[in-house]
Amino acid sequence: MTLYLYNTLSRTKEAFVPLNPDHVGMYVCGPTVYDLAHIGNARPVIVFDVLYRLLKRRFKRVTYVRNITDVDDKINAAAKAEGVAIDVITARTAKAYHDDMAALGALPPDEEPRATQTIAEMIAMIETLIAKGHAYAAEGHVLFHVPSFAEYGRLSRHNQDELIAGARVEVAPFKRDPRDFVLWKPSDADLPGWDSPWGRGRPGWHIECSAMSKKYLGVTFDIHGGGRDLVFPHHENELAQSVCANAAPFVRYWVHNGFLTVEDEKMSKSLGNFRTVREELEKAPGEALRLAMLKTHYRQPLDWTDHGIAEAKADLDRFYGALKAMRSFEVLDPNDPANTGQVWSVQIVPPLDDDLNTPRAIAGLHTMARQAHRLIPRLEADIERLTESGQKVLRRADIEAVIASNEALGKPLMELLIRKNMMLHGGALLGILQNDPLHWFQGAMATITPIVRGVVSPVVTSSIDINAQIEARNAAKKARNFAEADRIRDELKAAGIVLEDRPGGKTEWRRA
RNA sequence: GGCCAGGUGGCGGAGUGGCUACGCAGCGGACUGCAAAUCCGUGUACACGAGUUCGAAUCUCGUCCUGGCCUCCA
């Protein structure tokens, strides 16, 4: 099986063949830390987290680099507005970013360089560009000279004339060409600055990614990711700088995620529909937000809605319901070659291999959940019998023994074991379904969801002894006192507790 | 204005030439004391017009609509 990725450079899906078959390098543009991450910032993080997980599974070593931009005029403005030092803003925002992304289930990158710690490399790169005639200093600025790079515009498919014609930028008088962009700019005394051959100043926006990717991944590397809106000018400029400075190819696969709207509108502060990750986490567990994100293919436009969040939560309830019913089955080690044939179904990995088709992978999870739910009712008693003799886990080896003596019973048990593992390991690639199912339904994460359903959040009910109530209700049921049984159930429901009577007389509960 | 995406059933959302995507909601049924959960069954679809083809949601051309980029932006 081969992984295919859509390469913005060629505008086609290409087979992914890394430069070094044992070591893949991936760079994704990270946040500018001046404010809380919004839900649009989260999309590339989640998308490339899935790609990272997929690459890690397939290649011996993956180095994932995601920068933090901690020098920027928006940061300067935020610091000024609050009357605090710049590093107060950047430290606080970076911390919040880490917390938020972790809540969304994103693995930390292998390297997270900061722009302010890569200044020397940026200056060196700018000097090289000047020496090679691709850049020039003027009035304390250094500018990249676009006409010096014939291929400029290839990534974004802008031709040079259109760029000039369409340019609405005020053209600074010291620019030799209106398209020339800043590599270095002077800083006043009250702005952050570093000494350089062109005086005290700070880097332009694009150079940092060129310098940081080179530092950690080399001049040529495999994957560069980011939002589609970064294609121009940011990635186009990065490409120009890096190719000209390094005299080497830059990125082999450019991967861009699509844009996001909120309730059908562009998210913007002026429309008042700006949603931070933090706000959304109040509505639903991060895992549900993550699934809501992955239910749309990464290159498609995504409309972020409360309804979508609720649907994703419902999907997870369904998946976790199946996993709960299969909780006594062994979790197989996917790295054990003996398991690979069983664990990896055609349902999850092939869709992801096809340019990260997460919606189809999720459809595969639904299929497995349905197949599991079909088998469970007629096996529940057997599962209980097999696990009650002190042994809590139903191992693969045990089931094989059952098959040897009773194929009709053992085979469906094995089917269930496989379904559980497919869901678990498929879910791991998507970054979901790794919680304990009981915790999912009964723990704290289950209680903060109702907002998106337009339902009043139930009162926290730690004072109610749920098990005692269930016992009382079952006693009433046995006495055929259904009025009392229903009263207890309604009382619990009002407190946010839903009861589910299992066949066999057991009653389970979950938070609504 | 230039460039680039996208328009699929009540909703979300896959699918690139012929075969049920999937999920939610709806409706019918099973299970249940009644529910919940779950299972089974089921209707409505490919923006519009023309063309290519034995055959098009899928290819071509045109039209309309939406969004993005061109300026900081995921």
Side-chain angles (χ1 to χ4, degrees), chain A residues 8 11 28-32 34-35 37-48 69 72-74 77 153 156-159 161-170 179 205 225-234 236 256-261 264-269 291-292 295-303 305 307-308 310-315 317-318 321-322 324-325 347 351 354 357-367 369-378 441 476-477 480-483 485-486 489-490 493 497-503 507-510 512:
Chain A
T8 306
R11 314 274 160 142
V28 175
C29 290
T32 300
Y34 71 103
D35 201 357
H38 61 250
I39 199 67
N41 294 314
R43 171 121 107 146
V45 173
I46 292 169
V47 164
F48 290 103
T69 299
D72 180 276
D73 288 348
K74 286 194 294 279
S156 56
R157 306 241 165 147
H158 282 117
N159 76 49
D161 297 339
E162 283 161 0
L163 279 178
I164 297 171
R168 294 180 190 165
V169 211
E170 237 181 273
R179 294 162 297 168
W205 174 35
R228 180 191 210 92
D229 54 325
L230 291 179
V231 174
F232 191 88
H234 185 234
E236 190 73 59
H256 293 98
N257 62 273
F259 216 77
L260 177 148
T261 51
D264 247 350
E265 284 184 313
K266 179 179 177 169
M267 183 166 59
S268 73
K269 282 180 175 165
L291 183 62
K295 285 182 74 168
T296 300
H297 182 84
Y298 78 95
R299 281 193 281 118
Q300 289 294 113
L302 165 59
D303 190 32
T305 63
H307 183 249
E311 279 205 358
K313 170 64 168 62
D315 287 333
D317 284 344
R318 180 174 162 75
K324 186 174 76 151
Q347 308 269 23
D354 182 17
N357 195 329
T358 51
R360 289 188 73 186
I362 293 162
L365 289 175
H366 278 290
T367 300
R370 185 173 359 94
Q371 290 173 345
H373 272 130
R374 265 186 210 155
L375 289 164
I376 286 160
R378 53 182 232 254
F441 286 114
K477 274 174 68 181
R480 301 198 66 80
N481 184 354
F482 296 122
D486 290 349
R489 186 172 63 195
D490 290 345
K493 190 176 181 186
I497 306 294
V498 175
L499 300 186
E500 294 176 10
D501 290 340
R502 312 297 313 159
T507 299
E508 296 180 345
W509 67 272
R510 63 186 168 85

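When reading the values below, keep in mind they use all heavy atoms of this one structure, side chains included, and skip hydrogens, waters and symmetry mates. To find a chain, count down the sequence lines: A is the first, B the second, and so on, and within it residues start at 1.
- One C1' atom belongs to B/G17, the other to B/G55, and the distance between them is 8 Å to the nearest Å.
- The two atoms that bring A/K295 and A/P359 nearest to each other are O-CG, 3.5 Å, heavy atoms only.
- When distances run from any side-chain atom of A/F482 to the nucleotides B/C39, B/A36, B/G33, the shortest one goes to B/G33.
- Taking atom CG of residue A/L365 and atom C1' of nucleotide B/G23, one finds them 12 Å apart after rounding to whole Å.
- Atom-to-atom, CD of A/E500 to P of B/A37 comes out at 7 Å; the value is rounded to the nearest Å.
- Between A/R370 and B/G23 there is a side-chain N or O to OP1 or OP2 distance below 4.0 Å.
- In terms of position along RNA chain B, the nucleotide closest to A/H297 lies nearer the 5' end than the nucleotide closest to the other residue of the pair A/P377 and A/H297.
- Between A/D303 atom CG and B/G67 atom P the separation is 12 Å, expressed in whole Å.
- RNA chain B is contacted by both A/D315 and A/R43; A/D315 maps to the nucleotide lying nearer its 5′ end (nearest heavy atom per residue).
- In this structure B/A5 sits in a base pair with B/U66, meeting the Watson-Crick or G-U test at under 3.5 Å.
- Side-chain N/O atoms of A/R228 include none lying less than 4.0 angstrom from OP1 or OP2 on B/C70.
- Ranking B/A74, B/A36, B/C4 by closeness to the A/D229 side chain, first place goes to B/A74.
- Distance noted for atom C1' between B/C46 and B/G7: 10 Å (whole Å).
- Of the listed nucleotides (B/A74, B/C4, B/A21), B/A74 has the atom at the smallest distance from the side chain of A/P44.
- Using atom P as the reference point in both B/G41 and B/C22, the two lie 11 Å apart (nearest Å).
- Distance check on atom P: B/C48 versus B/C39 gives 35 Å, rounded to whole Å.
- Residue-nucleotide stacking is present for A/F259 and B/A74, judged by a side-chain ring centre under 5.5 Å from the six-membered base ring centre and planes under 30° apart.
- Checking B/C24, B/C4, B/C34 against every side-chain atom of A/R11, the shortest atom distance belongs to B/C4.
- For A/R489, counting side-chain heavy atoms from C-beta on, the closest listed nucleotide (B/C34, B/U38, B/C22) is B/C34.
- Among B/C40, B/A74, B/A37, the nucleotide with an atom closest to any side-chain atom of A/T32 is B/A74.
- With both ends at atom P, the span from B/C3 to B/C61 equals 15 Å, rounded to whole Å.
- Looking at A/L230 and A/C29, their side chains come closer than 4.5 Å, going by heavy atoms from C-beta outward.
- Protein atom CG of A/L302 is 18 Å distant from nucleotide atom P of B/C11, rounded to whole Å.
- Under the Watson-Crick or G-U wobble criterion, with both distances below 3.5 Å, B/C34 is left unpaired in every strand shown.
- The separation of B/A37 from B/A30, taken at their C1' atoms, amounts to 14 Å, rounded to a whole angstrom.
- Atom CG of A/L291 and atom C1' of B/A14 are 15 Å apart (whole Å).
- For the P atom pair drawn from B/U63 and B/G2, the interatomic distance equals 12 Å after rounding to whole Å.
- Base pairing analysis places B/G10 opposite B/C24; the two distances defining the Watson-Crick or G-U wobble pair are each below 3.5 Å.
- Taking both residues in full, the closest heavy atoms of A/A361 and A/P351 are given as N-CB, 3.8 Å, listed atom of the first, atom of the second, then distance.
- Counting non-hydrogen atoms under 4.0 angstrom, A/G226 reaches the backbone sugars and phosphates but no base.
- Here B/C72 sits opposite no nucleotide as a Watson-Crick or G-U wobble pair (both hydrogen-bonding atom distances under 3.5 Å).
- Between the CD atom of A/E236 and the P atom of B/U71 there is a distance of 13 Å, rounded to whole Å.
- A salt bridge links A/D486 with A/R489: the distance from a Lys NZ or Arg NE/NH1/NH2 to an Asp or Glu carboxylate oxygen falls below 4.0 Å.
- Counting heavy-atom neighbours within 6.0 Å of A/R11 CZ, excluding the residue itself, gives a total above 12.
- Summarising the base pairing, B/G43 is matched to no nucleotide, lacking a Watson-Crick or G-U wobble pair whose two defining distances lie under 3.5 Å.
- Proximity note for A/T296 (side chain, C-beta onward) versus B/A14, B/A74, B/G33: the nearest is B/A14.
- No donor-acceptor contact under 3.5 Å links the side chain of A/R360 to the base of B/C22.
- Here the separation of B/G9 from B/A45, taken at their P atoms, is 10 Å to the nearest Å.
- Contacts of A/L230 with the nucleic acid, taken as non-hydrogen atoms under 4.0 Å apart, involve only primed sugar atoms and P, OP1 or OP2.
- Backbone-only contact: A/Q300 has heavy atoms under 4.0 Å from sugar-phosphate atoms and none from a base.
- Across B/C11, B/C22, B/A74, the shortest atom-to-atom separation from the side chain of A/H307 is found for B/C11.
- In the set B/G33, B/U38, B/G15, the nucleotide with an atom closest to the side chain of A/N357 is B/G15.
- Here the closest heavy-atom approach between residue A/F441 and residue A/K324 is recorded as CD1-CD, 4.0 Å.
- The partner of B/C61 is B/G49, judged by Watson-Crick or G-U wobble contacts that both fall below 3.5 Å.
- Closest heavy-atom contact between A/A292 and A/A312: N-CB, 3.5 Å.
- Taking atom OH of residue A/Y298 and atom C1' of nucleotide B/G13, one finds them 17 Å apart after rounding to whole Å.
- One can place CD1 of A/I376 at 20 Å from P of B/C31, the figure rounded to the nearest angstrom.
- Judged by Watson-Crick or G-U wobble contacts below 3.5 Å, the nucleotide B/G55 has no partner.
- Note on A/D317 versus A/R510: no salt bridge recorded, every NZ/NE/NH1/NH2 to OD/OE distance being 4.0 Å or above.
- Distance CZ/A/R299 to CZ/A/R228: 8.5 Å, rounded to 0.5 Å.
- Within 4.0 Å (heavy atoms only), A/D486 reaches at least one base atom of the nucleic acid.
- In the set B/C34, B/A74, B/U38, the nucleotide with an atom closest to the side chain of A/L260 is B/A74.
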